[in-house]
Amino acid sequence: MRKRIAVVALPGSLTFLPPSARTVHNCVHQLSVMANESLENDGGTGSRNSRNIHFTSSVDLSTSLESSVQTRIFKIIVIGDSNVGKTCLTFRFTGGSFPEKTEATIGVDFREKAVEIEGEKIKVQVWDTAGQERFRKSMVEHYYRNVHAVVFVYDVTKMNSFQNLKTWIQECNGHRVSPTVPRVLVGNKCDLVSQIQVPSNTALKFADAHNMLLFETSAKDPKESQNVDSIFMCLACRLKAQKSLLYRDVEREDGRVRLSQETNINKSICPC
Ligand SMILES: Nc1nc2c(ncn2[C@@H]2O[C@H](COP(=O)(O)OP(=O)(O)OP(=O)(O)O)[C@@H](O)[C@H]2O)c(=O)[nH]1
Ligand SMILES: [Mg+2]
């Protein structure tokens with residue numbers, strides 16, 4: 001039986017159950033997923049399009065962020081071998097579906113989702129990076145600059161992609177990403193049950209050794225959708241708890257951040 005981080009949906013709410021042995025800290029957060037604010041809708045096809053930022057300088061990004069200055073922005077990068085499903089995972093989180101067709105990411109795909117945690121509106125900015133060396137080498141500095149959290153992804157059906165995690169961690173450390181920056185490990189493609197090569201116990205040991213939570217999930221399986229959400233929400237909850245992260249004039253009403261009425265998703269227990 002594969003050990004997973006369980007995610008259970010209650011009527012009118014989204015509840016994350018904390019992973020028992022790997023709880024990093026216990027916290028209860030109230031959150032609402034306000035709106036699915038991908039920077040630009042691609043019509044649900046999942047095809048790579050205009051949000052594919054193959055930028056050459058940080059100026060491109062600052063332009064994109066001008067409209068977002070009223071909320072805190074958490075930059076989360078997603079890294080790992082090519083073809084492990086980074087694009088599909090980020091699309092599942094920000095777009096709520098599995099892309100019908102993907103191509104190798106070139107540079108970075110940049111997506112955002114607005115969430116509300118304990119009454120604070122937050123933008124989770126997901127940087128879906130290229131796994132192929134030739135598509136990423138000129139971009140690496142941009143990935144790691146001012147990053148708030150890192151998601152390492154491997155494919156549970158490809159032992160190589162798991163073994164290569166060491167290299168990805170080295171690269172991350174080599175770019176002076178602070179040890180205090182939260183990191184999680186994601187084993188993707190768990191729907192391919194008969195092809196699984198990476199045992200859960202092996203992955204769990206690795207995650208523990210690197211002080212990471214482990215999520216085993218599938219971007220493809222719709223039943224895993226909330227589990228995919230919990231990867232990013234877990235990080236967002238932890239980042240929110242780090243008061244030192246930049247505030248950007250959070251919109252307030254009567255001294256309190258107004259809760260969104262647009263969704264019935266509200267009370268949650270942080271999976272961390
Ligand atoms: N069965 C299954 N296939 C998946 C899953 N996630 C992604 N895939 C497939 O795996 C292939 C690669 O997915 P991508 O998301 O493009 O991989 P990537 O990691 O972004 O690859 P690069 O952009 O080259 O770094 C595609 O054919 C997807 O349809 C999953 O959870 N289950
Ligand atoms: Mg990709």
Side-chain angles (χ1 to χ4, degrees), residues 2-5 7 38-40 42 44-55 75-113 125-140 142-144 147 150-172 183-198 200 203 214-232:
R2 295 180 69 76
K3 196 170 179 180
R4 303 270 185 90
I5 288 178
V7 179
S38 291
L39 281 181
E40 189 163 296
D42 65 355
T45 62
S47 58
R48 319 270 164 98
N49 59 16
S50 53
R51 295 318 304 175
N52 211 352
I53 301 178
H54 311 309
F55 57 81
K75 173 182 174 180
I76 300 177
I77 59 168
V78 182
I79 60 180
D81 276 10
S82 181
N83 219 41
V84 296
K86 299 180 297 298
T87 295
C88 293
L89 284 167
T90 59
F91 196 87
R92 172 66 80 184
F93 173 63
T94 58
S97 60
F98 183 73
E100 285 170 15
K101 185 172 175 284
T102 61
E103 291 164 6
T105 303
I106 298 170
V108 65
D109 280 351
F110 176 73
R111 302 189 179 92
E112 278 190 354
K113 182 169 180 171
Q125 183 185 91
V126 184
W127 289 49
D128 166 26
T129 70
Q132 286 190 46
E133 180 61 23
R134 63 189 167 131
F135 293 146
R136 71 192 313 278
K137 54 186 172 193
S138 61
M139 300 293 302
V140 176
H142 293 284
Y143 298 160
Y144 292 106
V147 67
V150 184
V151 177
F152 293 95
V153 185
Y154 66 96
D155 177 345
V156 295
T157 71
K158 296 272 177 336
M159 184 52 92
N160 258 356
S161 72
F162 179 75
Q163 289 164 340
N164 288 341
L165 286 169
K166 283 183 187 152
T167 314
W168 293 110
I169 291 171
Q170 274 168 11
E171 181 189 90
C172 184
R183 304 166 186 212
V184 295
L185 183 60
V186 177
N188 189 37
K189 306 196 186 181
C190 283
D191 57 292
L192 301 174
V193 179
S194 63
Q195 299 171 41
I196 290 176
Q197 290 183 358
V198 183
S200 290
L214 169 68
F215 294 81
E216 290 180 310
T217 192
S218 163
K220 187 172 188 177
D221 183 353
K223 294 195 292 296
E224 289 284 312
S225 174
Q226 288 179 358
N227 204 2
V228 173
D229 283 354
S230 71
I231 297 166
F232 296 95

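Both ligands and their constituent atoms are indexed starting at 1 by order of listing. We're numbering straight along the sequence, starting at 1. As the structure is a computational prediction, the values presented were derived from the model and not from experiment.
Of the heavy atoms in Asp191, only side-chain atoms (C-beta onward) come closer than 4.0 Å to ligand 1. No part of Phe135 comes within 4.0 Å of ligand 1, judged by heavy-atom distances. Both the backbone and the side chain of Asn83 come within 4.0 Å of ligand 1, counting heavy atoms alone. If you look at Thr87 next to ligand 1, the close heavy atoms, those under 4.0 Å, come from the backbone and the side chain alike.
Per-residue contacts place Lys86 under 4.0 angstrom from the following atoms of ligand 1 (heavy atoms of the residue considered): 15 (O), 17 (O), 18 (P), 19 (O), 20 (O), 21 (O), 22 (P), 25 (O). Counting the atoms of ligand 1 from 1 in the order shown, those under 4.0 Å from a heavy atom of Ala130 are 25 (O). Here is the list of ligand 1 atoms found below 4.0 Å of a heavy atom in Leu192: 1 (N). Near Thr105, with a cut-off below 4.0 Å to any heavy atom, the atoms of ligand 1 are 22 (P), 23 (O), 24 (O). Set against the non-hydrogen atoms of Cys88, the atoms of ligand 1 under 4.0 Å away are 6 (N), 7 (C), 13 (O), 15 (O), 28 (C).
Between atom 14 (P) of ligand 1 and the options Ala104, Pro99, Ser218, Gly85, the minimum heavy-atom separation is to Gly85. Between Lys189, Lys220, Glu224, it is Lys189 that holds the heavy atom closest to atom 9 (C) of ligand 1.
Distances from the Mg ion (ligand 2) show that Thr105 has an N/O/S atom below 2.8 Å. For Thr102, every N, O or S atom stays at 2.8 Å or more from the Mg ion (ligand 2).
In terms of modelled atom types and a separation under 3.5 Å, the side chain of Thr157 and the main chain of Ile196 share no donor-acceptor contact. In terms of modelled atom types and a separation under 3.5 Å, the side chain of Ser218 and the main chain of Asp221 share a donor-acceptor contact.
In this model, no donor atom of one side chain and acceptor atom of the other lie less than 3.5 Å apart for Asp81 and Ser161.
In this structure, Lys113 forms no cation-pi arrangement with Phe232, as its terminal cationic atom is not both closer than 6.0 Å to the ring centre and no more than 45° off the ring axis.
For the side-chain contact (heavy atoms from CB on, under 4.5 Å) criterion with Leu89, the lone passing option out of Asn188, Val126, Val78 is Asn188.
The distance criterion of under 3.5 Å between nitrogen or oxygen atoms is met by Ala219 with respect to ligand 1. For ligand 1, the polar-atom distance check finds an N/O of Gly131 within less than 3.5 Å of one of the ligand's N/O atoms.
Inter-residue side-chain proximity for Val151 and Val184 is flagged as met; some heavy-atom pair is nearer than 4.5 Å. Residues Ile231 and Thr217 meet the side-chain proximity criterion, which asks for heavy atoms closer than 4.5 Å.
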Legend entry - Glu224/Asn227 under side-chain hydrogen bond (donor to acceptor under 3.5 Å, both in side chains): CA gap, chis, key distance, verdict: CA-CA 5 Å; Glu224 289 284 312; Asn227 204 2; 3.0 Å; yes
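Residue contact check for ligand 1: Asp81 places a non-hydrogen atom closer than 4.0 Å to it.
In summary, Arg136 and Glu171 engage in a salt bridge, as defined by a charged side-chain N under 4.0 Å from a carboxylate O.
Listed by first then second residue, pairs satisfying salt bridge (Lys or Arg N to Asp or Glu O under 4.0 Å) with a partner in residues 83-99 number zero, not counting sequence neighbours.
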